Amino acid sequence: MRAALVGTWRLVSYEAVAVDDGEVVHPFGKRPLGLLMYAADGYMSAQIAAPDRPPFDGNRLESGQPEELADAARHYLAYAGPFHVRDDRTVVHQVALSLFPNWTGHAQLRVARMAGGTLELALTEPAQIWGRTRTGVLTWHRAQANTSSSADDALRDPPM
């Protein structure tokens with residue numbers, strides 16, 4: 001499975017389902033943005049964002065107002081570090097750095113299912129999501145190769 005994971009994946013959906021009554025929530029909206037990268041050298045990076053996050057009033061991150069900074073962080077998830085495949089269905093992300101500091105230094109385990117160009121990563125067990133015990137599944141599609149010849153081309157036609 002490790003070789004099949006290598007590459008870039010584009011987030012299609014993230015659904016969390018309440019175990020008691022089946023209520024479905026979309027923690028980053030119904031059309032979240034995200035990139036998941038697995039490198040051949042054994043490192044990974046995940047970036048997830050809610051669409052349509054409002055821009056800051058200023059043009060510098062350090063000039064952001066506390067409310068702007070909190071809102072930007074609330075609607076974004078990022079972490080990176082080494083990864084390995086534990087067995088034929090479990091991927092371990094060893095978090096070396098994260099926007100959510102409580103994850104740093106700990107493993108995030110995911111149950112992986114692959115079919116063609118689709119990757120589903122599920123929580124290994126239900127967790128507290130939006131105040132309820134829920135399962136969580138993130139669905140990713142393999143991203144198209146970035147064949148842009150310049151930064152301007154890449155910005156005009158991002159592979160998302």
Side-chain angles (χ1 to χ4, degrees), residues 1-17 24-56 59-61 64 69 71-125 127 129-130 134-160:
M1 180 190 317
R2 180 184 166 113
L5 288 171
V6 170
T8 302
W9 300 86
R10 181 179 48 84
L11 186 60
V12 176
S13 69
Y14 172 17
E15 291 187 349
V17 180
V24 177
V25 296
H26 301 90
F28 290 91
K30 289 191 177 182
R31 296 183 55 89
L33 304 173
L35 289 174
L36 173 62
M37 297 179 182
Y38 288 106
D41 64 0
Y43 286 87
M44 59 76 58
S45 175
Q47 309 282 322
I48 301 172
D52 303 321
R53 295 186 314 142
F56 287 16
N59 289 327
R60 303 284 303 170
L61 177 64
L69 293 164
D71 192 57
R74 189 174 4 269
H75 296 99
Y76 201 94
L77 176 64
Y79 69 92
F83 81 95
H84 69 273
V85 175
R86 176 180 287 172
D87 53 43
D88 63 348
R89 53 177 283 202
T90 307
V91 179
V92 180
H93 299 160
Q94 189 61 46
V95 181
L97 65 150
S98 175
L99 177 65
F100 181 53
N102 297 27
W103 282 7
T104 302
H106 300 281
Q108 291 293 312
L109 279 67
R110 299 292 181 260
V111 176
R113 285 188 302 271
M114 295 182 76
T118 299
L119 169 65
E120 285 186 357
L121 293 178
L123 299 177
T124 56
E125 57 187 45
I129 301 171
W130 282 18
R134 300 177 191 273
T135 61
V137 177
L138 292 93
T139 302
W140 305 84
H141 286 172
R142 189 170 293 280
Q144 295 178 3
N146 177 10
T147 58
S148 300
S149 59
S150 72
D152 290 338
D153 290 342
L155 288 174
R156 263 194 305 278
D157 190 23
M160 304 203 24

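The first residue of the sequence shown is numbered 1, and numbering continues consecutively from there. Keep in mind the model is a prediction, meaning the values are calculated, not measured. Values reported hereafter were calculated over all heavy atoms of this structure, with side chains retained and with hydrogens, waters and symmetry mates removed.
Summarising the local packing, CG of Asn102 is surrounded by more than 12 heavy atoms from other residues, nucleotides or ligands at distances under 6.0 Å. In this structure, Asn59 places its CG atom where only 12 or fewer heavy-atom neighbours from other residues, nucleotides or ligands lie under 6.0 Å away. The environment of Tyr43 atom OH is sparse: at most 12 non-hydrogen atoms of other residues, nucleotides or ligands sit within 6.0 angstrom.
Side-chain N or O atoms of Arg53 include one that pairs as donor or acceptor with a backbone N or O of Ala72 at under 3.5 Å.
For the pair Arg110 and Phe83, the NZ or CZ position fails the cation-pi test of under 6.0 Å to the six-membered ring centre and within 45 degrees of the ring normal.
Proximity of Ser45 to Leu36: side-chain heavy atoms (C-beta onward) are nowhere separated by under 4.5 Å. Two residues are said to be in side-chain contact when any heavy atoms from C-beta on lie closer than 4.5 Å; Val137 and Tyr14 fail this criterion. Within the 4.5 Å cutoff, side-chain heavy atoms of Arg2 are placed close to those of Val85. Glu15 is listed as a side-chain neighbour of His26, based on a closest heavy-atom distance under 4.5 Å. Contact of the Thr8 side chain with the Met37 side chain is registered, since non-hydrogen atoms from C-beta on lie closer than 4.5 Å.
Within the model, atoms CH2 of Trp140 and CE of Met114 stand 13.0 Å from one another, a figure rounded to the nearest 0.5 Å. Put simply, NE2 on His141 and CG on Leu119 are 9.5 Å apart, with the number rounded to the nearest 0.5 Å. For the atom pair CH2 (Trp9) and CE (Met44), the distance works out to 13.0 Å, reported to the nearest 0.5 Å. With values rounded to the nearest 0.5 angstrom, Leu11 atom CG is found 8.0 Å from Thr139 atom OG1. For the atom pair CZ (Phe28) and CG (Leu138), the distance works out to 8.5 Å, reported to the nearest 0.5 Å. Taking CD from Glu125 and CG from Leu123, the interatomic distance works out to 8.5 Å, rounded to the nearest 0.5 Å.
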Inset, instruction - Give the C-alpha distance, both sets of side-chain angles, the deciding distance and a yes or no for side chain to side chain contact (heavy atoms under 4.5 Å, CB included) between His84 and Val91. - result: CA-CA 6 Å; His84 69 273; Val91 179; over 6 Å; no
Inset, instruction - Would you sort out whether Leu61 and Phe56 count as a side chain to side chain contact (heavy atoms under 4.5 Å, CB included), showing the intermediate values? - result: CA-CA 8 Å; Leu61 177 64; Phe56 287 16; 3.9 Å; yes
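Ring geometry for Tyr79 versus His93: interplanar angle of 30 to 60°, hence tilted.
Among all heavy-atom pairs drawn from Met1 and Ala112, the shortest one is SD-CB, 3.7 Å. Minimum heavy-atom separation, Ile129 to Pro27: CG2-CG, 4.1 Å. Arg10 and Leu35 make their closest contact through CA-CD2, 4.4 Å (heavy atoms, listed as atom of the first residue, atom of the second, distance). Nearest heavy-atom pair across Gly64 and Leu69 is O-CD1, 3.5 Å. When every heavy atom of Pro51 is checked against every heavy atom of Pro32, the shortest pair comes out as CD-CA, 4.1 Å. Between Gln94 and Gly105 the shortest heavy-atom distance is NE2-O, 3.5 Å.
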